[in-house]
K.L.:
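Got a structure for you, written out below as structure tokens; questions coming shortly.
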Amino acid sequence: MSMNQSRVTEFVLLGLSSSKKLQPFLFLIFSLLYLSILLGNFLIILTVTSDSRLHTPMYFLLANLSFIDICVASFATPKMIADFLVEHKTISFEACLVQIFCVHQFAGSEMVILVSMAYDRYVAICKPLHYMTIMNRRVCIILVLVPWCVGFIHTTSQLAFTVNLPFCGPNLVDSFFCDLPLVTKLACIDTYVVSLLIVADSGFLSLSSFLLLVVSYTVILITVRNRSSASMAKARSTLTAHITVVVLFFGPCIFIYVWPFSGYSVDKVLAVFYTIFTPILNPVIYTLRNKEMKAAMSKLKSRYLKLGQVSAVLRNILFSGNRINL
Ligand SMILES: *[C@@H]1O[C@H](CO)[C@@H](O)[C@H](O)[C@H]1NC(C)=O
């Protein structure tokens, strides 16, 4: 690479919307959405870790999904929210690479942990008598670690294609974070092969996880079809929840990476789905409809209420003590 060639040191993000009037409104909406993502998912993690009745593989996986959701929602959203307030939205070259690394690490992990959760449900529903022996502590840890490893292999292989691309001029990224199809488009060489490799890599991961999910849900549905209507109803409500998440998460990912005709401005709206809507939906879907989870949460609440009462009593004592001193 010659020394006098100008190199891009920062990218300009065009953001979600170019309308100036919309910016304060979007700032408010997305701040609230992000806050509820953090609250909802931290609440799930807190509930699962603090209640020993929820120390089962299903809830451990759920808490781990919540953790990944927080990561998925946090690598780009805070910057996007802050960017609503500034006109010139820039991001350094290195930060851009970090965002690319994060989106593929976290989204990859999320895809695979959904497969882990489907496997857990498959064992619970189709092999109920062997559930405890199959899903032992070791298997549980493997089901949590494999998503992170697969995500890491996926994201480093993607970055390997990109990190050495020459960027010499154009630096407008038409989205609210850096992602591969948009950034490779800006390179100063023909990126046809690189784009193809990226589509193959992301496409392979999302399509194969998706197929695994479809297969496991189909097997579960076929298994419960011949059972009592009560177990069928229970399984169906669990599965509807899982399938909603899967469609909302995989739909946009597969569309962006695999569908060759998608326009880039559609892509950034779709990116909102998997960076914001899915992380918000998981707490809603998995907690509001789940009796055990609701019971654990009200127990948690009464515990904190008691703590609150104790502190109120203490405050009263201190306060009246003050008054006596006066
Ligand atoms: C994730 O799963 C592991 C293994 O089951 C568990 O020990 C851990 O507490 C879980 N993490 C969270 C954040 O709940």
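Read the numbers this way: they start at 1 and go in the same order the structure lists the ligands and their atoms.
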K.L.:
So, does Ser19 use its side chain to make a donor-acceptor pair with the main chain of Leu22 at under 3.5 Å?
P.N.:
yes

K.L.:
Is it true that the SG atoms of Cys102 and Cys71 are less than 2.5 Å apart?
P.N.:
no

K.L.:
Where is the nearest protein heavy atom to atom 2 (O) of ligand 1: which residue, which atom, and how far?
P.N.:
Asn64 ND2, 2.3 Å

K.L.:
Which protein non-hydrogen atom lies closest to atom 14 (O) of ligand 1, naming both residue and atom, and how far is it?
P.N.:
Ala63 CB, 3.0 Å

K.L.:
Kindly indicate, with the supporting measurements, whether the criterion side chain to side chain contact (heavy atoms under 4.5 Å, CB included) is fulfilled by Phe176 and Val272.
P.N.:
CA-CA 9 Å; Phe176 56 95; Val272 173; 3.7 Å; yes

K.L.:
In the protein, what heavy atom is nearest to atom 6 (C) of ligand 1, and what distance, to one decimal place, separates them?
P.N.:
Phe60 CD2, 3.8 Å

K.L.:
Closest by any non-hydrogen atom to atom 4 (C) of ligand 1: pick that one out of Ile141, Leu65, Leu145.
P.N.:
Ile141

K.L.:
Students should be able to answer this: which protein heavy-atom is nearest to atom 7 (O) of ligand 1, and at what distance?
P.N.:
Arg137 NH2, 3.4 Å

K.L.:
Nearest heavy-atom pair of Val72 and Tyr274: which atoms, and what distance?
P.N.:
CG1-O, 3.3 Å

K.L.:
Answer yes if the side chains of Tyr34 and Ser74 hold a donor-acceptor pair under 3.5 Å, and no otherwise.
P.N.:
yes

K.L.:
Assess Val48 for proximity to ligand 1: is some non-hydrogen atom of it under 4.0 Å away?
P.N.:
no

